[in-house]
Structure formats: C-alpha cells, structure tokens
Amino acid sequence: MSDSLAFLGWSGGKVLVGHGPFLDVAEPPSSGAAFYRNEFGLGDPKPWRVPAEWQLVEPAEAMEALGSSDMPLISWETLEATLFAGVFQEITTSIRWGIFEKTVPVVVERGRMEGGGGAAFARRALATAPPLVPYGFLDPSGGFAGMSPEHLLRLDGRTLRTMALAGTARAEEREVLAVDEKEIREHEFVAQALVSKLGDLGRLERGAREVLDLGPIVHFHTPIEVALDRDESIDSLIRRLHPTPALGPLPRTHETMSRLQTWRDRLGAPPEFGAPFGAVVDGVARVLVAIRGLWWQGDELKLPAGCGVIEASRLVNEWRELRLKREAVKARFGL
Ligand SMILES: C=C(O[C@@H]1C=C(C(=O)O)C=C[C@H]1O)C(=O)O
C-alpha cells in the first residue's frame, strides 16, 4: 500500500475510495473500479488510475479512515485584481473581434499552510451533502479536494445524463437571477452547446431551467438526458463534452482553447481545475467537473475559481462573483 488516495461521491449516498499505488492506464477496466484524472486540456494519454484496493463505503467510514488531523492554519495572500483585469480586457477585446462568444478565466487565491492539510481537507469534503459531490486525490506531496455541484456526465448502460450549470448569484438575489437576461444568456450558451454536441447520439431530453440552491450561492441548472442509440465509450463522451462552455470557450476550437490555456497559466490555475474528475465502477461512470476545491503542494495552497465572461459581462461584477465562489468554498471547508 502507498499513501495515495482518491475518493468520489457515488450513488446511494456512498463514496468510492481507492488506495494507491495506482496503475495508470489508457482505457477504463470493464469490471472493478478506476478513477479518471486528467488535466484541463485532456493531455494525459493514461488518465485512468486503477487503485490497488477500493471500497464503496459510507462517507463516515471514509472520514474515519483518514484519521483526525487538525485543519491547518492558513495565511491567505491578498488577491490583486490587476492581473485579472488585464486578462478580462483581452477577453472583452477578443469577444468584440468575434473570436469568442464566451470564455471562462480562472483566478487563484493563494495561501500558506501551517500543519499539513491533505487529510483534513478530504475529511471536510466528505462531510458534504447532495447536490454537492465530494472528490479528491491525495498523495504525500500534494493533492486536491473539493465538493462539486457539476456533473460532466453520468453513464449507465445507454443512459447518459449531463447538465448545464452556469449563471450565478448570491442566495439573497435568487429572485432577480431568475429574470436576469445576462445570466440567462450565459446559461443558454451552455445548455444549447450541450444539446447540439449530444443531439446526434440518440433521443435527447432537455429539462426545464431551474435555480439550484447551494447555501450562500445559487446557479441556473438544466438537466439533460440522452438515450444513446449505441454503446459509447466514456472517453469519447468526455472528449465530446469537455470543456462545456461552463468552463471552456465557445466556440471550442484549437485556437480558442489555446488562448484560454494561456490565460489560465498566466493566472496560475492548477492543471486539473475545471477538468473532468471521475470514476467507473463495473461499467457505470460518474464524472464531475473539478471545481469548488482546494489544491495544495507542500505548504502552498491554491483556491481557484472561474467565471463565465460574455459580451455583457462587467469587470466588477465578475470580480464579485469570483469572490462569492471562493467564499463559498472557504465556508464549506471551515476556513
Ligand atoms: C467556474 C466555476 O463555476 C462554473 C461557472 C459558473 C458561472 O460562470 O456562472 C457556474 C457554475 C460552474 O459551472 C467555479 O466555481 O470556479
């Protein structure tokens, strides 16, 4: 056994826990369990990680197995708006030139930890309740852990489920979100992109747009389900869907992806932030979008957050939305 560990909230209130060492492979196994971990650009040729041991357990049991280390003390650095303002300006220019309709820059708040955090963060993540789903990957040098509200996909046989999750407000602004044209437009970019990416795979049903409550923060949510005409591989579905315009550019081309990657790198986004993170158990797959989490390496901590930018977006509002998302993550981790 090694000290590496992965976990993912599963169906029936269980959590899938995998213990390393992990064997990295290109294809998911047809039986048993494997985790899917990749970077935002999906550049890893072997994204499936087969654990030496795995269990589907109650979250409390998984938390207990992580021990009882204290939460670390964190000194956060002040986040400067200058770098983001520069990127925002470049994005609005690109939108005006017609290169993008929408893209999603990522801002990173940094901190320094006193007293290692990995296991304590993972325990916190596991304490979450639906619709948030706990996820994480830890080894002795670093890792990430979070509670994501967003599924990239769930695949069981020929039933594919996904969602558009975009458009954000504070809980107190729930009523005004429901009629906010800019937020509706931002959401519809995502929902319609999903419908057009999946429409040729089978019979697609788009549910109604509704407001999803996540405590201090609310989002527009549209469920989408496809009865697939034929068996589809999980990897090809991930590639078809990721990144949706909730995290990626619209239109999604080699050029728009590489521009987004440059902005993400400049602002210091961790490679797996916003990437698919998931698992397969006996052929059933659940893949999240890795957001609302903490990333650490040694004593360095990162808290990334992204925001959808469209023509109608304004810098101050986006900056406020990024703070809202980070504060929600801090609150969930008790930081
Ligand atoms: C990028 C994030 O969230 C995504 C972006 C959203 C938006 O722009 O409204 C909403 C939910 C997520 O799809 C994040 O939490 O960092």
Side-chain angles (χ1 to χ4, degrees), residues 40 79 84 87-88 91 100-109 125 128 131-133 135 144-153 162-171 173-174 176-178 180-191 193-194 209-224 241-250 260 263-264 267-270 272-277 287-295 302-315 317-333:
F40 188 76
L79 188 56
F84 177 66
V87 166
F88 187 87
I91 290 174
F100 291 106
E101 294 263 31
K102 178 177 196 272
T103 193
V104 186
V106 177
V107 154
V108 179
E109 189 171 351
T128 198
L132 294 173
V133 182
Y135 69 92
F144 53 89
M147 304 109 162
S148 177
E150 188 166 0
H151 274 105
L152 182 69
L153 65 88
T162 183
M163 61 169 70
L165 190 80
T168 302
R170 349 186 125 259
E173 289 158 358
R174 193 183 197 285
V176 78
L177 174 73
D180 185 312
E181 273 181 32
K182 179 243 164 197
E183 297 297 324
I184 292 172
R185 188 168 163 76
E186 216 179 303
H187 182 82
E188 286 303 317
F189 275 141
V190 181
L194 287 172
R209 182 180 68 232
E210 67 218 12
V211 177
L212 180 71
D213 287 302
L214 297 173
I217 188 166
V218 296
H219 296 301
F220 279 131
H221 170 261
T222 298
I224 292 170
L241 288 169
H242 172 81
T244 76
L247 267 296
L250 182 75
L260 176 57
W263 287 317
R264 285 175 54 109
L267 294 171
E272 309 89 353
F273 175 76
F277 181 82
V287 182
L288 299 176
V289 179
I291 54 173
R292 313 289 153 88
L294 297 170
W295 268 254
K302 286 184 169 184
L303 198 184
C307 60
V309 176
I310 63 173
E311 192 168 21
S313 300
R314 294 295 164 262
L315 179 61
N317 297 345
E318 298 311 315
W319 189 248
R320 206 176 291 144
E321 179 175 321
L322 290 165
R323 184 180 316 112
L324 173 65
K325 287 173 177 158
R326 294 197 309 278
E327 294 304 327
V329 173
K330 286 185 182 169
R332 299 227 172 255
F333 278 97

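Both counts, for ligands and for their atoms, begin at 1 and track the order of listing.
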Legend entry - Main-chain N/O of Phe40 paired with Arg264 side-chain donor or acceptor, under 3.5 Å: no

Legend entry - Flag, side chain of Lys102 to backbone of Pro245, donor-acceptor distance under 3.5 Å: yes

Return a table of N or O atom pairs, ligand 1 on one side and protein on the other, at distances under 3.5 Å, rounded to 0.1 Å.
{"from": "ligand 1", "atom 1": "3 (O)", "to": "Arg292", "atom 2": "NH2", "distance (Å)": "3.2"}
{"from": "ligand 1", "atom 1": "8 (O)", "to": "Glu186", "atom 2": "OE2", "distance (Å)": "3.4"}
{"from": "ligand 1", "atom 1": "8 (O)", "to": "Gly308", "atom 2": "N", "distance (Å)": "3.1"}
{"from": "ligand 1", "atom 1": "8 (O)", "to": "Glu321", "atom 2": "OE2", "distance (Å)": "3.4"}
{"from": "ligand 1", "atom 1": "8 (O)", "to": "Lys325", "atom 2": "NZ", "distance (Å)": "3.4"}
{"from": "ligand 1", "atom 1": "9 (O)", "to": "Gly167", "atom 2": "N", "distance (Å)": "2.9"}
{"from": "ligand 1", "atom 1": "9 (O)", "to": "Thr168", "atom 2": "OG1", "distance (Å)": "2.5"}
{"from": "ligand 1", "atom 1": "9 (O)", "to": "Glu321", "atom 2": "OE2", "distance (Å)": "3.4"}
{"from": "ligand 1", "atom 1": "13 (O)", "to": "Glu150", "atom 2": "OE1", "distance (Å)": "2.6"}
{"from": "ligand 1", "atom 1": "13 (O)", "to": "Leu165", "atom 2": "O", "distance (Å)": "2.8"}
{"from": "ligand 1", "atom 1": "15 (O)", "to": "Arg292", "atom 2": "NE", "distance (Å)": "2.4"}
{"from": "ligand 1", "atom 1": "15 (O)", "to": "Arg292", "atom 2": "NH2", "distance (Å)": "2.8"}
{"from": "ligand 1", "atom 1": "16 (O)", "to": "Gly306", "atom 2": "N", "distance (Å)": "2.7"}

Inset, instruction - Considering only NZ, NE, NH1 and NH2 on the basic side and carboxylate oxygens on the acidic side, decide whether Glu181 and Arg185 come within less than 4.0 Å. - result: no

Legend entry - Point-to-point distance, once rounded to the nearest 0.5 Å, from CG of Leu79 to CZ of Arg326: 5.0 Å

Legend entry - With Phe277 via ring pair (Phe, Tyr, Trp, His ring centres under 6.0 Å) - residues at least two apart: Tyr135, Phe144

Inset, instruction - Tell me, yes or no, whether the heavy-atom count around Glu311 atom CD, taken from other residues, nucleotides or ligands under 6.0 Å, exceeds 12. - result: no

